[in-house]
Protein chains: 2
Amino acid sequence: MSTDTPAAGPVSGARSLPHPAREEIRLAQVLHALADPMRLRIVCALAAAEGELNCADIELPVSKSTCTHHFRVLREHGVIQQFYRGTAKMNGLRRADLEALFPGLIDGVLRAAGLQERRLGEL
Amino acid sequence: MSTDTPAAGPVSGARSLPHPAREEIRLAQVLHALADPMRLRIVCALAAAEGELNCADIELPVSKSTCTHHFRVLREHGVIQQFYRGTAKMNGLRRADLEALFPGLIDGVLRAAGLQERRLGEL
DNA sequence: GCCGTACTACGATGCCTATCGTATGAACGT
DNA sequence: ACGTTCATACGATAGGCATCGTAGTACGGC
């Protein structure tokens, strides 16, 4: 069901996006990737979507270039996977990989983010 | 039994160290504080010690000034508490506060750090 | 009162990063 | 084939940060 072939298959044919392999992912880098309100928002949105999201589906109060930058940071640090589908770039959390490496971590962060958002009204 | 009075009582009398109140602690800042190998090591050591540790009790491959810097970042972001005892400065994890704000987060990070350390031989 | 110890403060440096605007490339629909 | 839409790349900028060395300050012991 085409769940994910992140590092292997160039889905659309031309543009390829480098992803770190599972063993390459480092805790400090994941935490660093998550330690930005904008990126935390992206990750929460992806988690809530439970699937793939278009880049433009996530509204952020920053410019497009900055948005691209944040998505790239998340991808290069192993938090999300990206692939092209036509002109759109789809994004998805790398839940399986993260769960295998750091069980419970992502859920903890997501829950913490939800709690704080409910507590403060914003992230 | 003098467990902790972090924000209130200057224990030793003269030097006071500013700590954020529990409500001031922000998830992104905590993650940022943890997103550094050196600081991650500090936090792991404090968690293992289950109590207070002298600054010098944690061996780090950096200079003393840098060490001070990392401890300050951890304190100002609400991850640890510090107070003076004589000439020594004691450090402790703010487990209760962090657990109240982000239940399970710290344990998840600590476990992830342990797993990665076991996997790679280092942090 | 003096000295040693422990940590801090300050200044410097070089790197990383979050942000932007503009120009470019890739795919889709007509 | 052409234009539109989506995202990228590149260059620039400003701020933050990890690191260091040196000088200074607070506390405890002699």
Side-chain angles (χ1 to χ4, degrees), chain A residues 10-19 26 28-43 45-46 52-77 79-92 123, chain B residues 10-19 26 28-43 45-46 52-77 79-92 123:
Chain A
V11 178
S12 198
R15 292 175 278 180
S16 77
L17 296 164
H19 290 75
R26 291 292 173 277
Q29 305 218 301
V30 170
L31 292 175
H32 182 217
L34 296 173
D36 180 287
M38 226 55 77
R39 293 196 285 262
L40 210 45
R41 217 187 288 194
I42 293 174
V43 170
L46 289 178
E52 302 132 358
L53 272 189
N54 188 321
C55 265
D57 285 346
I58 305 176
E59 288 195 11
L60 293 175
V62 290
S63 84
K64 217 132 202 212
S65 337
T66 307
C67 200
T68 298
H69 161 68
H70 285 308
F71 274 103
R72 176 164 42 187
V73 171
L74 286 170
R75 187 191 71 235
E76 290 179 340
H77 289 6
V79 180
I80 67 171
Q81 52 188 311
Q82 302 186 288
F83 58 94
Y84 287 100
R85 178 185 298 164
T87 78
K89 186 162 71 171
M90 306 309 289
N91 306 277
L123 235 159
Chain B
V11 178
S12 198
R15 291 176 277 180
S16 75
L17 297 164
H19 291 74
R26 292 291 173 276
Q29 306 218 303
V30 170
L31 291 175
H32 181 218
L34 296 173
D36 182 285
M38 228 53 78
R39 292 196 287 261
L40 211 44
R41 218 187 287 192
I42 293 174
V43 170
L46 289 178
E52 302 133 359
L53 272 189
N54 189 321
C55 263
D57 284 346
I58 306 176
E59 288 196 10
L60 293 175
V62 290
S63 82
K64 215 130 202 211
S65 339
T66 307
C67 202
T68 299
H69 161 70
H70 285 308
F71 274 104
R72 175 164 44 186
V73 170
L74 286 170
R75 188 192 70 234
E76 289 179 342
H77 290 4
V79 180
I80 67 171
Q81 52 189 309
Q82 301 187 289
F83 58 94
Y84 287 100
R85 177 185 299 164
T87 78
K89 186 161 72 172
M90 307 308 288
N91 307 277
L123 232 157

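Naming convention: chains lettered A, B, ... in sequence-line order (proteins, then strands); numbering from 1 in each chain.
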Rounded to the nearest angstrom, tell me the gap between atom CZ in A:F71 and atom C1' in C:dT19. 16 Å
Would you confirm whether A:R75, through its side chain, and A:H19, through its main-chain N or O, come within 3.5 Å as a donor-acceptor pair? no
List the atom of B:L53, the atom of B:A45, and the distance in Å for their closest heavy-atom pair. CD1-O, 3.8 Å
Given B:V79, which of B:N91, B:L46, B:V30 fulfils the side-chain contact (heavy atoms from CB on, under 4.5 Å) condition? B:V30
Round to the nearest Å and state the distance from B:M38 atom CE to D:dT19 atom C1'. 10 Å
At less than 4.0 Å, is any side-chain N or O atom of B:R39 found next to OP1 or OP2 of D:dA18? Yes or no. yes
Using whole Å, report how far CG of B:L60 lies from P of D:dC20. 10 Å
Distance, rounded to the nearest Å, where B:K64 contributes NZ and D:dG24 contributes P: 18 Å
Minimum-distance pair of heavy atoms, taken over all atoms of A:A28 and B:A35: O-CB, 3.7 Å
Measure from CG on B:L17 to P on C:dA6 and round the result to the nearest Å. 18 Å
On DNA chain D, nearest-nucleotide positions of B:H32 versus A:H69: which is more 5'? A:H69
Between B:T87 and D:dC27, is there a side-chain N or O to OP1/OP2 distance below 4.0 Å? no
Closest contact, heavy atoms only, B:M38 versus B:P61: SD-CD, 3.8 Å
How many Å lie between CZ on B:R85 and P on D:dG28, as a whole number? 12 Å
Within the pair B:T66 and D:dC20, is there a side-chain N or O less than 4.0 Å away from OP1 or OP2? yes
I need the NE2-C1' distance between A:H70 and C:dC16, as an integer number of Å. 14 Å
From C:dC7, D:dC20, D:dA7, pick the nucleotide closest to the side chain of A:Y84? D:dA7
A:R72 side-chain N/O to D:dA7 phosphate OP1/OP2 under 4.0 Å: no
Figure out the CG/P separation between A:N54 and C:dA26, and round it to whole Å. 19 Å
